[in-house]
Amino acid sequence: MFAPIVMLWLISIFCVGLYNIIHWNPKVVSAIYPYYIIKFFRETGRDGWISLGGILLSITGTEAMYADLGHFTAVSIRLAFVFAIYPCLVVQYMGQAAFLSRNLHSIPNSFFESIPDPVFWPIFVVATLSAVVGSQATITATFSVIKQCQALGCFPRVKIVHTSKHIYGQIYIPEINWMLMILTLSITIGFQDTTLIGNAYGLATATLMFITTFLVALVITFVWQKSIWISGMFLLFFGIIEGAYLSAALMKVPQGGWLPLVLSFIFMMIMYIWHYGMCLKYNFDMHNKVPLQWLLGLGPSLGIVRVPGIGLIYTELATGIPAIFSHFVTNLPAFHKVLVFICVKSVPVPYVSSDERFVVGRVCPRPYRMYRCIVRYGYKDIQQDDGDFENQLIQSLAEFIHMEAGEPEFCTSEGSFDGRMMVTRSSSIQSGSTIIATEIEDCSESSSVQSSKSSALLSLRSVYDDENPPVRKQHIRFHLPANQIMDSAIQEELMDLIVAKEAGFAYIMGHSYVKARRSSSCFKKFVIDVGYTFLRKNCRGPSVDLNIPHINLIEVGMTYYV
């Protein structure tokens with residue numbers, strides 16, 4: 001319903017503005033002529049310059065739709081602005097000017113008093129609905145920005161709910177929604193004056209546009225590879241115009257303009273502390289990696305019992321062996337026969353296709369059955385718990401084994417373990433001949449209940465099924481093709497992978513505690529021990545953020561002294 005409401009609102013203000021122009025003062029159309037703004041500044045001087053901060057409020061709100069680029073194309077937004085929003089706004093403000101030229105006493109409430117009486121209440125209802133739509137657009141844009149900041153490691157992990165199976169990128173963040181509600185109520189109750197709120201809004205919009213101009217100048221030079229003179233002329237032209245508005249808005253800092261500055265500082269500190277702590281933790285992992293020689297000295301059994309199954313060890317390292325693994329090996333009596341070091345990376349592109357998502361390599365020689373897999377997601381990709389990740393991982397590992405065997409320089413009994421990684425295409429596996437995937441229906445839970453002779457259990461089950469209709473899950477079982485000839489070592493490795501998959505997966509993660517060293521400065525101790533620790537304890541856990549099944553999760557506590 002949002003689009004019809006906005007269209008009805010734009011048509012309404014256009015018609016009211018056109019009516020006021022014709023009825024009150026048709027000569028107001030000449031206001032398009034630039035001479036009048038020059039005359040305005042010449043006659044008003046400093047007061048006219050300060051009034052730019054209020055004039056800026058006439059376009060506030062239109063910039064919010066540019067934050068919705070994650071939901072709409074650039075062309076659609078340009079067309080909507082040029083052919084709908086801009087002309088309707090210009091005609092409406094001309095109509096208000098024509099009305100005020102004959103009704104100076106109506107300045108405090110010019111918009112609603114300029115509406116003709118017969119259509120006042122219908123337009124009042126449409127205005128209320130459009131205000132709801134406008135606030136919703138701002139909330140949605142905030143969700144999109146927060147999600148992208150989180151994907152780039154610049155904001156604490158929060159719960160992201162995907163509200164649509166069909167519309168890509170339609171999300172909801174409960175924590176941010178509550179925060180926006182509390183801030184909105186606090187500002188409204190605290191200021192109790194629309195003029196003060198308008199001053200805060202005007203400064204925020206002017207600063208946003210000024211910063212955007214500087215960023216676009218950088219894009220012109222470094223992304224579009226244009227001449228620095230073109231970038232400089234762009235920055236000079238738009239910077240002078242927006243600088244005039246920003247300087248006027250800065251005069252309103254004591255009258256409510258301080259609010260966006262304070263909020264920006266608070267959120268900037270949150271983002272800085274989180275990013276700083278994450279970087280220190282990553283650097284600690286990089287400097288404390290397990291030497292490969294130590295692992296090779298343990299032998300294929302790693303000095304412990306290797307049991308059937310696949311262990312997925314999550315780490316932020318794309319190379320090397322994390323320190324948490326040595327903690328496992330030295331403290332656990334058994335480990336899985338197939339080990340995969342999983343590194344989830346958010347790359348600075350919107351989407352990563354499924355054919356380019358998995359990058360697979362070996363960590364140790366072939367008898368160790370140890371692999372590394374880098375899983376790449378774009379900052380707009382959706383990481384859903386649909387149960388397909390494990391199957392795609394098995395397919396990618398099998399594809400890597402098959403591709404590695406086709407490389408002459410790596411056709412050895414040991415395989416390649418020099419850090420060479422390969423991009424595997426999991427979609428090609430289903431139509432290829434490395435392993436064959438067949439779907440089987442999971443009905444083990446229902447059959448186990450039906451075979452029970454407990455009437456109480458059966459009655460409870462019937463009540464549960466009535467309230468929660470059972471969803472039949474499809475599981476994939478892999479097996480080798482019967483008519484394919486392959487090397488015995490490769491066949492054995494593929495069979496070990498299939499058997500381990502049937503035995504089940506275990507997800508292994510480190511539960512880290514980051515603390516500043518005793519020799520650190522007081523500022524660093526406060527940032528890490530207080531700020532980062534507070535954010536880490538109150539943000540969403542990494543296992544939940546990665547949609548890891550809780551029943552298969554193993555966490556190991558470690559302390560990082562950074």
Side-chain angles (χ1 to χ4, degrees), residues 278 281-282 284-296 298-346 357-377 383 385 389-394 396-398 400-401 415 417 419 421 424 493 496-497 500-501 503-513 541-560:
M278 293 292 289
K281 180 176 177 293
Y282 179 79
F284 180 91
D285 284 332
M286 286 294 294
H287 290 90
N288 292 272
K289 293 188 291 187
V290 177
L292 184 61
Q293 291 77 9
W294 175 79
L295 201 61
L296 295 176
L298 296 177
S301 66
L302 301 180
I304 54 179
V305 178
R306 302 290 293 270
V307 297
I310 299 178
L312 304 181
I313 305 172
Y314 279 79
T315 175
E316 295 181 3
L317 298 180
T319 60
I321 301 171
I324 188 177
F325 182 71
S326 63
H327 189 65
F328 262 110
V329 173
T330 54
N331 289 277
L332 291 180
F335 222 64
H336 301 87
K337 190 168 185 178
V338 176
L339 298 177
V340 184
F341 292 92
I342 301 291
C343 177
V344 179
K345 290 294 183 181
S346 292
R357 190 175 304 282
F358 294 93
V359 184
V360 183
R362 287 192 189 275
V363 177
C364 288
R366 181 176 286 129
Y368 285 73
R369 303 295 192 257
M370 295 175 63
Y371 311 91
R372 181 186 311 282
C373 180
I374 300 176
V375 187
R376 302 181 293 187
Y377 290 98
Q383 302 182 33
D385 185 16
F389 172 76
E390 297 174 355
N391 297 323
Q392 290 182 0
L393 177 62
I394 294 298
S396 298
L397 292 175
F400 166 75
I401 296 171
F417 59 97
M421 307 286 289
T424 58
E493 186 175 9
D496 288 344
L497 183 65
K501 193 268 179 185
F505 287 80
Y507 297 80
I508 303 156
M509 299 191 70
H511 192 80
S512 59
Y513 299 89
S543 60
V544 182
D545 192 51
L546 295 171
N547 289 318
I548 295 177
H550 185 71
I551 194 172
N552 297 338
L553 177 63
I554 302 174
E555 288 188 299
V556 181
M558 285 192 67
T559 302
Y560 290 72

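Positions are given from 1 along the sequence. Atom set for the values below is all heavy atoms of this structure, side chains included, hydrogens, waters and symmetry mates excluded. In this text the structure is predicted, and so the values were computed from the model without any measurement.
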- Sub-3.5 Å donor-acceptor pair from the side chain of R306 to the main-chain atoms of Y368, do we have one? yes

- Item | Non-neighbouring partners of M558 that pass side chain to side chain contact (heavy atoms under 4.5 Å, CB included), sequence neighbours left out | A323, I324, Y560

- Query: Can you check side chain to side chain donor-acceptor pair (under 3.5 Å) on Y507 and E390, steps first, answer last?
  - Reply: CA-CA 11 Å; Y507 297 80; E390 297 174 355; 2.5 Å; yes

- Query: Any side-chain heavy atom of W294 within less than 4.5 Å of one from S326?
  - Reply: yes

- Item | Beyond-backbone contact of L393 with V360, side-chain heavy atoms, under 4.5 angstrom | no

- Message: Does F335 form a side chain to side chain contact (heavy atoms under 4.5 Å, CB included) with I508? I'd like the steps, not just the answer.
- Response: CA-CA 11 Å; F335 222 64; I508 303 156; 3.9 Å; yes

- Message: As an exercise, state the distance from CD of E555 to CD1 of I548, rounded to the nearest 0.5 Å.
- Response: 8.5 Å

- Query: Atom OG1 in T315, atom CD1 in I374: separation rounded to 0.5 Å?
  - Reply: 10.5 Å

- Task: For N288, check side-chain hydrogen bond (donor to acceptor under 3.5 Å, both in side chains) against everything at least two apart and list the hits.
- Result: none

- Sequence neighbours excluded, the answer for side chain to side chain contact (heavy atoms under 4.5 Å, CB included) partners of E493 is R362, R366, R369, Y371, I401

- Query: Any salt bridge between E316 and K281, counting N to O under 4.0 Å?
  - Reply: yes

- Note on the structure: Hits for side chain to side chain contact (heavy atoms under 4.5 Å, CB included) against P308, two or more places apart or cross-chain, chain-then-number order -> A503

- Taking the six-membered ring for Trp, are F389 and F358 parallel (under 30°), tilted (30 to 60°) or perpendicular (over 60°)? tilted

- Could you give me the CA-CA distance, side-chain angles and deciding distance for Y377 and R357, then say whether side chain to side chain contact (heavy atoms under 4.5 Å, CB included) is met? CA-CA 7 Å; Y377 290 98; R357 190 175 304 282; 2.9 Å; yes

- Atom CZ of F505 and atom CG of N552: how far apart are they, to the nearest 0.5 Å? 9.5 Å

- Item | Test side chain to side chain contact (heavy atoms under 4.5 Å, CB included) applied to T319 - qualifying residues, sequence neighbours left out | K289

- Task: In sequence, state the C-alpha distance, the side-chain angles, and the governing distance for K501 and N391, and then conclude on side chain to side chain contact (heavy atoms under 4.5 Å, CB included).
- Result: CA-CA 9 Å; K501 193 268 179 185; N391 297 323; 3.5 Å; yes

- Message: Pair V375, K345 - check side chain to side chain contact (heavy atoms under 4.5 Å, CB included), show working.
- Response: CA-CA 6 Å; V375 187; K345 290 294 183 181; over 6 Å; no

When the side chains of residues 337-344 are checked against the rest of the protein, which donor-acceptor pairs come out under 3.5 Å, sequence neighbours left out?
none

- Message: Within the 4.5 Å heavy-atom criterion, are C373 and L312 side-chain neighbours or not?
- Response: no

